Amino acid sequence: MHTSVPQQTTQPAPQESFDPRDWNELRRVGHAMVDAVVDHLETVRERPVWQPVPEDVRARLREPLPREGQGPSATFADFRRDVLPYGWGNIHPRFWGWVNGSGVPIGVFADFLASAMNPNVGAFEQAATYVEEQVLDWLKTMLDFPAETGGVLASGCSMANLIALGAMRSKQAPFDVRRHGMTAAPRQMTLYASEETHGSVVKAVEALGFGSEMLRRIPVGADYRVDVAALERAIHDDRAAGLQPVAIIGNAGTVNTGAIDDLDALADLAERERLWLHVDGAFGALAWLDEASRPALRGLQRVDSVAFDLHKWLYLPNDVGCVLVRDADALERGFEMRADYLTRLRGGLTAHPTRFSNRSIELTRRFRALKVWMALKDHGADRFARILGRNLEQARYLAERVEASPELEVAAPVPLNVVNFAYRGGADAEERDALNEELLVRLQESGAAVPSFTKIRGRSVLRVAITNHRSRHEDFDFLVDEVVRLGREIEGEFRAGAQDTKKPEVCDVGRA
Ligand SMILES: Cc1ncc(COP(=O)(O)O)c(C=O)c1O
């Protein structure tokens with residue numbers, strides 16, 4: 001149909017939009033932003049890992065809603081002054097807290113380009129859909145999963161765990177659970193995971209209506225791997241009690257110690273018991289890239305689903321995770337949504353058969369795949385494997401350095417990239433906990449390094465999780481020397497009885 005543009009007789013008043021009146025000004029500010037970002041990344045090693053947000057900055061960050069705009073230059077100046085210097089620290093080579101990726105620089109620009117294109121990657125005939133499909137294929141290749149495996153990118157592993165267990169619920173429930181809801185279950189459904197399993201799995205189980213008590217927490221051995229015999233007994237006990245076991249959740253890298261459950265044994269058990277095997281491989285699944293780590297992950301390709309993050313050990317900027325589901329139809333049955341306004345027509349934008357929005361909760365989805373695609377093209381998968389392998393070596397190196405120091409001790413086995421250790425001082429266990437907590441706070445506040453905190457067998461330890469492509473071996477030498485120095489200093493204060501070291505408050509916000 002041909003439409004002609006109506007002729008203007010009078011000059012219309014300019015209509016407001018968010019586009020600049022002067023595109024060149026935006027271009028100048030944009031270039032300054034690029035320069036600032038590149039400078040910031042290039043010089044990251046020279047700055048403290050972390051510094052607190054000063055009071056004047058906090059005050060400005062509590063100012064009320066601006067009614068009038070100030071333009072891009074002033075806004076960028078505010079960002080440089082009040083936001084950029086006070087990051088979380090994870091781009092720094094000596095950040096090893098929780099489990100966070102350090103960010104591949106090309107990913108920064110990929111996110112910028114993704115926002116410039118601003119597509120909705122829920123579905124539709126567009127390049128972004130093909131890019132995400134290609135990225136999923138590449139990830140399957142990297143993990144040696146069959147090509148027909150279903151998959152989707154997600155905001156992170158919490159969401160990926162939820163999606164996997166949602167697909168599982170639809171497949172395993174003996175009724176239409178999406179339609180009738182969990183109260184229609186003829187028998188209470190139960191799930192099984194080790195007591196070291198991440199809190200996001202618990203949240204997923206709760207959100208899906210199973211109830212966290214129905215997630216049976218199975219004890220672990222001295223190696224923090226699930227006790228498979230105890231797991232089997234728990235399944236049999238529940239069946240005998242008239243309940244319906246539906247899934248086992250295994251770990252490929254527990255958050256606390258990096259333990260990898262015996263996935264092969266779990267796959268055998270799941271097969272025998274006709275249960276769905278999901279694996280939370282938030283960071284550990286990608287250790288498959290390292291040849292030497294493969295024996296520990298044997299069985300990974302036998303799972304029904306695996307969730308893992310690309311913003312952890314693929315080093316990409318937050319946020320991007322992935323879920324792979326062996327039965328691609330089960331994934332869609334878990335989340336598909338029909339609506340007239342989304343009908344697929346024979347051509348045009350809706351013609352593409354892939355509907356990512358039918359594989360997760362999200363309908364509008366950002367172009368997360370672009371940073372994965374660009375990073376893999378820029379560097380090649382082998383470089384990721386090499387750097388991940390170096391992080392594994394660094395974990396072993398740190399553990400050796402700690403073992404070699406009479407004042408320090410390794411607190412748990414180091415099967416992967418997580419090293420838990422403690423300063424040995426203190427008159428008793430309680431004082432030793434206080435000393436290690438104080439030590440960690442001083443280490444973080446000095447900006448020297450950022451390990452995080454956890455408890456191993458009830459005792460406070462420093463936890464170093466290495467998913468950092470910028471870390472060098474000398475960074476770990478520096479860490480050990482600093483920990484020993486601070487440990488002696490605090491112990492001296494304790495001994496002198498002159499300590500002004502109140503026990504730091506440990507806010508329990510979960511094991512993220
Ligand atoms: C083992 C494990 N599972 C799941 C998660 C949750 O991942 P995300 O923070 O990307 O949602 C984490 C986060 O650290 C984790 O370590």
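Just follow the structure's listing: the first ligand is 1, and inside any ligand the first atom is 1. Just so you know, residue 1 is the first one in the sequence shown, and it goes up from there. Just so it is clear, the structure is predicted and the values come from calculations on it, not from any experiment.
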Check whether any N or O atom of Val99, backbone or side chain, sits under 3.5 Å from an N or O atom of ligand 1, and answer yes or no.
no
So for Met159 against ligand 1, with non-hydrogen atoms under 4.0 Å, the contacting part is neither
Hits for ring pair (Phe, Tyr, Trp, His ring centres under 6.0 Å) against His236, two or more places apart or cross-chain, chain-then-number order -> none
Near Lys312 (heavy-atom distance under 4.0 Å), the atoms of ligand 1 are 7 (O), 8 (P), 9 (O), 10 (O), 12 (C), 13 (C), 14 (O)
- Is the gap between the ring centers of Trp373 and Tyr130 under 6.0 Å? no
Does ligand 1 come near enough to Asn161 that some N or O of the ligand is less than 3.5 Å from an N or O of the residue? no
Going by the 4.0 angstrom heavy-atom rule, the piece of Trp98 near ligand 1 is neither
With sequence neighbours left out, the residues meeting ring pair (Phe, Tyr, Trp, His ring centres under 6.0 Å) with His473 are Tyr397
Ligand 1 atoms nearer than 4.0 angstrom to some heavy atom of Asp309 are 7 (O), 8 (P), 10 (O)
Original post:
Under 3.5 Å, N or O to N or O, is Thr254 touching ligand 1 that way?
Top reply: no
* **Residues Asp268, Arg302: salt bridge by 4.0 Å N-O rule** => yes
For Val255, the ligand 1 atoms with a heavy-atom partner under 4.0 Å come out as 16 (O)
Near Phe283 (heavy-atom distance under 4.0 Å), the atoms of ligand 1 are 16 (O)
Ligand 1 to Gly253, heavy atom cutoff 4.0 Å, flagged ligand atoms 1 (C)
Any salt bridge linking Asp319 with Arg366? Criterion: basic side-chain nitrogen under 4.0 Å from a carboxylate oxygen.
no
Nearest non-hydrogen contact to atom 2 (C) of ligand 1 from the set Ala282, Ser200, Ser158, Gly156 belongs to Ala282
Are Asn256 and Thr454 close enough that a side-chain donor and a side-chain acceptor fall under 3.5 Å?
-> yes
The option among His198, Lys203, His311 carrying the non-hydrogen atom nearest to atom 15 (C) of ligand 1 is His198
- [ ] May I ask you to check if Arg94 and Phe478 form a cation-pi contact, with NZ or CZ under 6.0 angstrom from the six-membered ring centre and within 45° of the axis?
- [x] yes
